[in-house]
Amino acid sequence: MKKLNLTPYVFIAPHVILFIIMFLIPTLYGIYAAFTNWNIFSSPTWVGFDNFRTIFFNTESTFFRQFWNGLTNTLIFVVITVPFQILIPLFIATLLNTRPKGRGIFQAIFYVPTLLSITSVTLTFLFIFNRSLGLWNNILGVDVNWFGEQPFAWMSIVITTLWWGIGANMLIYIAALGGVDKGILEAASVDGSTGFHRFRTIVLPSILMPLLFTVFASIVAQFNIFGQPLLLTTGGPTESTHVLLMYIRNLAFGMGNPIAGMASAMAVVLGLIIGIVSLGQLFVIKRLSGEES
């Protein structure tokens with residue numbers, strides 16, 4: 001009889017245990033809580049789909065307004081931020097791929113902000129966008145309330161997010177661009193192809209997979225927006241930058257009488273949206289991989 005080799009299981013056991021304790025159990029309990037009336041301090045009471053009916057259909061409920069306002073603001077942030085989070089790093093990576101002098105220094109400058117915590121980043125930009133003493137208002141010679149007026153509140157959040165996050169995508173694009181066949185580019189150049197035409201017909205198809213990965217990863221990341229609007233604008237004028245995770249946090253932990261069941265229902269919906277995006281990524285990449293093979 002063959003002896004069972006336990007060594008691989010010993011190595012993966014810590015990861016599996018931590019995954020179960022820190023992720024799987026809280027996730028399953030959160031899904032269960034979404035179907036209950038729960039205030040954290042007492043035992044959950046099963047209410048079925050009542051929480052979901054409230055946030056989707058009860059137009060007179062405060063929770064209905066909070067859910068749809070939060071989801072709308074989250075979608076606005078995703079739509080505004082993601083294109084810039086793809087195009088700006090791609091532009092920078094394309095320039096750095098020409099290997100200019102000081103390439104490593106510029107690469108480090110753009111990447112270092114991704115190593116900082118969101119708290120330190122937002123505190124920095126609180127001073128930069130400060131109405132009286134801020135760098136932007138003094139350089140531009142204007143008196144703009146960046147955190148209390150629209151569209152400046154959204155602009156401050158988007159600029160902060162882009163400064164913080166474009167470095168990761170930039171590194172992926174630099175690595176992808178390094179794998180593009182130089183011989184094909186040179187042949188196209190000899191045939192009279194312009195730089196933009198070579199980029200559109202040769203470079204982009206060559207880096208399509210990394211590009212798609214960063215698109216979907218950026219969408220998922222921005223759906224989890226929380227720290228920037230919380231610390232910069234605290235919801236903005238008339239809650240115009242109050243994203244869904246802020247409502248979820250306030251309902252579950254920010255009130256004298258927590259409404260964790262309703263917060264869990266909102267979190268489940270947000271999780272389903274993110275799950276759909278992730279499944280879309282797998283479907284698109286699998287389909288394109290099948291076509292290439």
Side-chain angles (χ1 to χ4, degrees), residues 65-66 68-96 100 102-171 173 214-215 217-250 254:
R65 182 195 65 80
Q66 290 178 339
W68 286 107
N69 185 61
L71 183 59
T72 300
N73 290 336
T74 302
L75 289 171
I76 290 172
F77 177 77
V78 171
V79 170
I80 295 174
T81 307
V82 170
F84 289 110
Q85 201 165 21
I86 302 302
L87 296 175
I88 294 176
L90 183 59
F91 177 73
I92 296 171
T94 303
L95 293 179
L96 293 178
R103 176 178 184 262
I105 296 175
F106 286 108
Q107 186 172 314
I109 289 172
F110 286 113
Y111 182 70
V112 164
T114 64
L115 304 177
L116 304 176
S117 70
I118 186 57
T119 303
S120 61
V121 171
T122 50
L123 287 176
T124 300
F125 276 87
L126 276 172
F127 287 104
I128 291 175
F129 288 114
N130 183 276
R131 186 171 187 176
S132 302
L133 305 174
L135 181 66
W136 279 50
N137 276 4
N138 282 279
I139 288 178
L140 298 176
V142 296
D143 181 24
V144 174
N145 183 4
W146 289 95
F147 307 127
E149 299 176 6
Q150 291 293 13
F152 304 111
W154 273 124
M155 290 172 63
S156 64
I157 294 172
V158 171
I159 291 171
T160 302
T161 303
L162 292 175
W163 184 86
W164 180 46
I166 61 175
N169 285 351
M170 179 200 67
L171 279 189
Y173 297 148
T214 55
V215 169
S218 298
I219 292 173
V220 170
Q222 302 319 326
F223 263 111
N224 285 288
I225 176 70
F226 176 71
Q228 299 93 306
L230 176 68
L231 297 175
L232 284 175
T233 65
T234 61
T238 64
E239 298 186 1
S240 58
T241 61
H242 215 104
V243 294
L244 188 54
L245 275 177
M246 291 174 65
Y247 285 117
I248 292 172
R249 178 256 184 190
N250 289 341

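Keep in mind that what you see is a predicted model, and the values were worked out from it rather than measured.
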- Note on the structure: Closest non-hydrogen contact found for T122 with Q228 is CG2-CA, 3.9 Å

- Message: Can a donor-acceptor pair be found, under 3.5 Å and without considering hydrogens, that links the side chain of T81 to the backbone of V78?
- Response: no

- Query: So which heavy atom on S132 is nearest to which on N138, and how close?
  - Reply: O-ND2, 3.6 Å

- Query: Taking side chain as C-beta onward, heavy atoms only, is I219 less than 4.5 Å from F223?
  - Reply: yes

- Distance in Å, E239 CD paired with T241 OG1, rounded so as to fall on 0.5 Å steps: 9.0 Å

- Query: Can you tell me if CZ on F106 sees more than 12 non-hydrogen neighbours from other groups inside 6.0 Å?
  - Reply: no

- Message: My understanding is that only one of N169, V158, L90 makes a side chain to side chain contact (heavy atoms under 4.5 Å, CB included) with Q85; could you say which?
- Response: N169

- Locate the shortest heavy-atom distance separating P89 from M170; write the atom from each residue and the value. CB-N, 3.6 Å

- Message: With rounding to the nearest 0.5 angstrom, report the CG to CZ distance, L135 to F129.
- Response: 9.5 Å

- Query: Around atom CG of L140, are there more than 12 heavy atoms of other residues, nucleotides or ligands at under 6.0 Å?
  - Reply: yes

- So CG of L231 and CD1 of I157: to nearest 0.5 Å the spacing works out to 10.5 Å

- Item | Backbone N/O of L133 and side chain of N137: donor-acceptor pair under 3.5 Å | no

- Test item: T72 side-chain N/O and N69 main-chain N/O as donor-acceptor pair under 3.5 Å: no

- Within-4.5 Å side-chain heavy-atom neighbours: T161 and Q222: yes

- Note on the structure: Here the gap from L244 atom CG to R249 atom CZ, rounded to the nearest 0.5 Å, amounts to 14.0 Å

- Task: Mind listing the closest non-hydrogen atom pair of S120 and L116 along with its distance?
- Result: OG-CB, 3.7 Å

- ring pair (Phe, Tyr, Trp, His ring centres under 6.0 Å), paired with W146, selected from F152, F127, W154: F152

- Query: So do F84 and I159 actually touch side chain to side chain, heavy atoms under 4.5 Å?
  - Reply: no

- Message: Less than 6.0 angstrom separating the ring centers of F125 and W164, yes or no?
- Response: no

- Task: Can you measure from CG (L96) to CD1 (I105) and round to the nearest 0.5 angstrom?
- Result: 11.5 Å

- Check V243 against P229 and note the closest heavy-atom contact, atom names and distance. CG2-CG, 3.9 Å

- When rounded to the nearest 0.5 Å, the distance separating CD of Q66 from CG of N250 is 8.0 Å

- Message: With heavy-atom distances below 4.5 Å as the criterion, would you say the side chains of L245 and I225 are in contact?
- Response: no

- Message: On a heavy-atom basis, which atom in V121 and which in P113 lie closest, and how many Å separate them?
- Response: CG2-O, 4.5 Å

- Message: Are the side chains of Y173 and I92 in contact, using a 4.5 Å heavy-atom criterion?
- Response: no

